[in-house]
Amino acid sequence: METIAERLKSAHESLNMALKKANRAPNSIQLLAVSKTKPVSDIVLAYEAGHRLFGENYVQEGVEKVQELQELNDIQWHFIGPIQSNKSKLVAENFDWVHTVDRAKIAKRLSNQHTPHKKLNVLIQVNINTEESKAGVLVDEIETLAALIDTLPNLTLRGLMTIPKASQSAQELVNTYQHMHQLFVNLQHSFETVDTLSMGMSADIEPAVLNGSTMVRVGTAIFGPRNTTT
Ligand SMILES: *Cc1c(COP(=O)(O)O)cnc(C)c1O
């Protein structure tokens, strides 16, 4: 079985190959290691292999890990799961980035509840395929939420995040990613803090990089299949 260090190395190699294919600069993409359901010991192994960016989906589990690993203080913690408003304080107090801001109420709460040693970096989650059951703002709601976030004192608007519809053909996925990239470029024209497009997971690293992602969120390809939550 491959070790976490070996899988991290392969993930970086896939990213570099995709960047090359896309004629993009090396290091123009960040790898977020998604450690949900995995034990703290796995995060430590990735840390020892030099990795610093970790993503968690569940508030309780994520906060426990952040607190347990407090002395590894150069880890950058990203919250990438749904946020209920009664959990926003825990997210604001423990994470450095939030990828899943999708309404004004949550943005305001995060700003009020964040301990401002430095600002909380936020991405707007976009429901790019207009799926009934999916979180995220619709395309025509992005600008309004972005303008609000831009006025909030403890948040920095860094960009957009999406989880595309699962059942798409390869071509539909490319179209979806290109649409997201266009929205990202438009947003950059309006807000100078915007520099991050979070899209792509283990199964679609290459199309995400080819179509302008600046941060891929990779779980399975680094840590192996998810442990079942109890
Ligand atoms: C779990 C998860 C990932 C990682 O998915 P893999 O397919 O394991 O790489 C990425 N983004 C979000 C929002 C997730 O919930």
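Excluded from the calculations below are hydrogen atoms, water molecules and symmetry mates; all remaining heavy atoms, backbone and side chain alike, are included. Keep in mind that what you see is a predicted model, and the values were worked out from it rather than measured. Atoms within a ligand are numbered from 1 in the order they appear, just like the ligands themselves.
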Report task. Run the contact test for His99 against ligand 1 with a 4.0 Å cut-off on heavy atoms, strictly below, and give the result. Result -> no
Query raised in the report: Parallel under 30°, tilted from 30 to 60°, perpendicular over 60°: which one fits the rings of His51 and His12?
Result: tilted
Query raised in the report: Hey, what's the ring geometry for Phe54 with Phe223, parallel, tilted or perpendicular (30° and 60° as the breaks)?
Result: tilted
With heavy atoms of [X] as the reference, note each atom of ligand 1 found under 4.0 Å away.
{"X": "Thr220", "result": "6 (P), 7 (O), 8 (O), 9 (O)"}
{"X": "Val218", "result": "9 (O)"}
{"X": "Gly219", "result": "4 (C), 6 (P), 8 (O), 9 (O)"}
{"X": "Arg217", "result": "4 (C), 9 (O), 10 (C), 11 (N), 12 (C), 13 (C)"}
{"X": "Arg226", "result": "1 (C), 5 (O), 6 (P), 8 (O)"}
{"X": "Ile163", "result": "13 (C)"}

Exercise answer: donor-acceptor pairs, residues 129-137 side-chain atoms, under 3.5 Å, sequence neighbours excluded:
from, atom 1, to, atom 2, distance (Å)
Asn129, OD1, Lys165, N, 2.8
Asn129, OD1, Gln168, NE2, 3.4
Asn129, ND2, Thr176, OG1, 3.1
Glu131, OE1, Lys134, NZ, 3.1
Lys134, NZ, Ile163, O, 3.3
Lys134, NZ, Pro164, O, 3.4

**Report entry** Considering all heavy atoms, the nearest Ala208-Val216 contact
**Finding:** CB-CG1, 4.3 Å
Requested in this report: Looking only at protein heavy atoms, identify the closest one to atom 2 (C) of ligand 1 and say how far it is in Å.
Outcome: Lys36 NZ, 2.6 Å
Requested in this report: Tell me which protein heavy atom sits closest to atom 10 (C) of ligand 1, plus the residue, atom name and distance to 0.1 Å.
Outcome: Met201 SD, 3.2 Å
Query raised in the report: Does Ser35 reach the main-chain N or O of Lys38 with its side chain, forming a donor-acceptor pair under 3.5 Å?
Result: no
Would you list the atom pairs, donor with acceptor, under 3.5 Å between side chains in residues 138-153 and any protein atom, with sequence neighbours excluded?
from, atom 1, to, atom 2, distance (Å)
Glu141, OE1, Leu138, N, 2.9
Thr151, OG1, Leu148, O, 2.6

Query raised in the report: So if you build clusters from Ile, Leu, Val, Met, Phe, Trp, Tyr with side-chain heavy-atom gaps below 4.5 Å, do Phe184 and Val209 land together?
Result: yes
Query raised in the report: Out of Ser202, Ala11, Ala221, Ser35, whose heavy atom is nearest to atom 7 (O) of ligand 1?
Result: Ser202
